[in-house]
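Have a look at the structure below, then the notes.
These numbers were taken from a predicted model, which means no experiment stands behind them.
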Amino acid sequence: MRNELMTMLEEQEDEMIKIRRYLHEHPELSFKEEKTAAYIADFYNGKDVEVETNVGNGLGIIVTIKGELPGKTIGLRADFDALPIKEEADVPFKSSTEGVMHACGHDAHTAYLLILADCLIRLKENIKGTIKIIHQHAEEQPPGGAKSIMDSGKLDELEAIFGIHVLPMAKAGTVGYHSGYSFNGRTYFKLRVQASGGHGSSPHKANDAIVAGSYFVTAVQTIISRRVDPLATGVVTIGSFDGKGSFNVIKDSIELEGDIRYSNDETQAVIDKEFHRIVNGLEELFGVTCELTYTPDYPPLYNDPELTAFVAGSLEGVKDKDITEVKEFPRMAPSDDFAYYLEKIPGSYFFIGCTPKGVAKPYFNHHPKFDIDEDAILVAAKSVGHVACSYLEMD
């Protein structure tokens with residue numbers, strides 16, 4: 001079956017590219033992907049599969065391919081939302097929606113998985129087990145779609161789950177992997193500091209919110225420098241400090257927003273504890289009132305070491321002209337809600353090189369000029385296809 005699947009994927013490469021370009025030209029934001037979800041659902045019309053729509057807290061789609069031979073049950077996931085970015089990439093299929101762009105490769109993810117699923121459906125008489133295709137909405141915007149899909153119970157029977165992300169860290173043909181903690185977790189926060197305003201000439205008759213807020217900005221950085229293990233990774237970013245007022249008025253309130261990143265669960269716990277301690281101390285030290293919104297949205301992404309070794313070994317062992325290199329990638333600083341699947345299901349999230357040909361310094365994901373080498377789409381389909389075949393063939 002494997003050889004036949006790979007041949008079918010090669011024959012469908014042009015269709016993958018066509019789908020990717022259509023989706024790229026018609027991007028939709030998280031939780032608003034109505035037309036994209038309809039496009040995906042329509043793709044499966046008339047095919048011998050079970051299709052469930054509106055899964056989770058939005059427009060998630062689960063397609064169940066039941067093989068005609070007994071075996072394991074696995075999941076394959078791709079996300080399909082876009083970003084609020086005005087596209088600057090010079091491509092003929094540029095976004096037709098002002099201010100919205102597929103700047104993270106989710107168009108390529110969806111294109112490869114649609115065609116891979118189509119080929120697997122046509123080969124279902126040879127499949128040992130069941131494959132659940134997970135087309136996930138809203139990866140980019142917390143709370144994301146993954147957690148709600150997990151909470152739906154529709155993936156409870158999965159024994160393993162796999163997914164990929166295109167990254168311009170290597171040329172097309174390269175597949176990357178990383179075992180253990182691989183993507184950072186993330187928390188959003190907003191802090192409102194309420195003091196009491198007054199005239200700039202009489203600070204003793206007021207309580208300056210800007211002074212308290214400024215102290216907080218520097219104090220929280222000591223969490224990373226003095227509380228987090230130096231061998232771990234943590235970041236506290238103040239992205240907004242809203243304290244605009246008049247030059248001669250002591251400000252009565254300010255509002256700060258930012259995000260926190262952490263490489264593992266232990267570091268998250270340390271940062272959470274210290275962050276709240278500093279907020280409480282700010283009230284005592286400056287006599288202000290603090291209103292804190294603190295929302296952990298995506299946990300650290302943990303790739304199962306055994307299954308990640310299996311992925312790497314499976315791909316290193318195949319002789320495929322389109323997969324030219326399999327290598328370990330470094331741990332990544334961004335976050336991805338695929339982490340929610342991996343909290344409950346053993347699995348691995350691996351990476352597909354997509355650096356455009358002839359480009360020495362490619363624009364990274366989320367840049368308005370982000371683009372991919374479309375050869376990477378076939379590499380993604382084949383890589384996930386090989387991994388699925390190898391896993392289902394195991395006794």
Side-chain angles (χ1 to χ4, degrees), residues 83-85 140-144 181 183-301 330-337 339 364 366-367:
L83 286 156
I85 293 174
E140 297 289 1
Q141 180 179 321
Y181 285 109
F183 276 27
N184 282 348
R186 182 179 70 196
T187 291
Y188 162 82
F189 69 86
K190 179 166 68 175
L191 177 67
R192 178 178 174 81
V193 179
Q194 182 65 53
S196 57
H199 197 286
S201 67
S202 305
H204 60 296
K205 295 181 180 179
N207 193 7
D208 196 335
I210 288 180
V211 171
S214 299
Y215 179 86
F216 173 81
V217 170
T218 57
V220 291
Q221 298 308 318
T222 65
I223 299 174
I224 306 303
S225 66
R226 288 295 177 268
R227 293 291 180 262
V228 170
D229 185 335
L231 299 180
T233 301
V235 177
V236 178
T237 295
I238 309 295
S240 173
F241 190 126
D242 185 0
K244 184 174 176 56
S246 179
F247 75 96
N248 62 348
V249 175
I250 293 173
K251 189 76 171 158
D252 69 337
S253 67
I254 57 97
E255 192 169 274
L256 301 136
E257 284 185 284
D259 82 355
I260 301 168
R261 307 281 175 147
Y262 31 84
S263 57
N264 55 50
D265 295 332
E266 293 77 15
T267 302
Q268 178 185 6
V270 170
I271 295 175
D272 286 1
K273 176 184 175 182
E274 297 298 327
F275 192 97
H276 284 84
R277 191 164 67 89
I278 289 173
V279 170
N280 292 335
L282 196 71
E283 292 186 315
E284 184 69 23
L285 184 61
F286 289 95
V288 298
T289 301
C290 294
E291 180 182 335
L292 177 64
T293 301
Y294 192 88
T295 310
D297 41 49
Y298 296 166
L301 187 150
R331 190 175 64 194
M332 308 287 174
S335 307
D336 193 297
D337 72 347
F364 204 71
H366 289 215
H367 193 281

*asked:* My understanding is that only residues two or more places apart in sequence, or in another chain, count here; which of them pass ring-ring contact (aromatic ring centres under 6.0 Å, His included) with His199?
replied: none
What are the two closest heavy atoms between [X] and [Y], and how far apart are they?
X      : Y      : answer
Val220 : Val217 : CG2-O, 3.4 Å
Ala219 : Ile278 : O-CD1, 3.6 Å
Gln221 : Val236 : NE2-O, 3.1 Å
His366 : Ile85  : O-CD1, 3.2 Å
Ser253 : Arg192 : OG-NH2, 3.5 Å
Phe286 : Ala212 : CG-CB, 3.9 Å

Roughly how far, to the nearest 0.5 Å, is the [atom2] atom of [Y] from the [atom1] atom of [X]?
X      : Y      : atom1 : atom2 : value
Asp297 : Thr187 : CG    : OG1   : 6.5 Å
Gln194 : Glu255 : CD    : CD    : 11.0 Å
Ile224 : Glu274 : CD1   : CD    : 10.5 Å
Lys190 : Leu292 : NZ    : CG    : 10.5 Å
Glu140 : Leu83  : CD    : CG    : 4.0 Å
Arg186 : Asp336 : CZ    : CG    : 9.5 Å

*Apply side chain to side chain contact (heavy atoms under 4.5 Å, CB included) to the pair Lys205 and Ile250, showing each step before the final yes or no.*
CA-CA 10 Å; Lys205 295 181 180 179; Ile250 293 173; over 6 Å; no
*What orientation do Phe216 and Phe275 show, parallel under 30°, tilted 30 to 60°, or perpendicular over 60°?*
perpendicular
_Please check if the number of heavy atoms outside Tyr215 that lie under 6.0 Å from its OH is greater than 12._
no
_Heavy-atom neighbours of Glu291 CD exceed 12 at 6.0 Å_ = no
Hey, is the main chain of [Y] close enough, under 3.5 Å, to the side chain of [X] for a donor-acceptor pair?
X      : Y      : value
Asn184 : Ala333 : yes
Asp259 : Thr237 : no
Ser263 : Ala232 : no
Asn264 : Tyr181 : no
Glu283 : Cys290 : yes

Validation row: [X], [Y] side chains within 4.5 angstrom (heavy atoms):
X      : Y      : value
Arg331 : Thr233 : yes
Val228 : Ile271 : yes
Pro203 : Asp208 : no

_For a quick check under 3.5 Å, do Tyr262 and Asp272 share a side-chain donor-acceptor pair by atom type?_
no
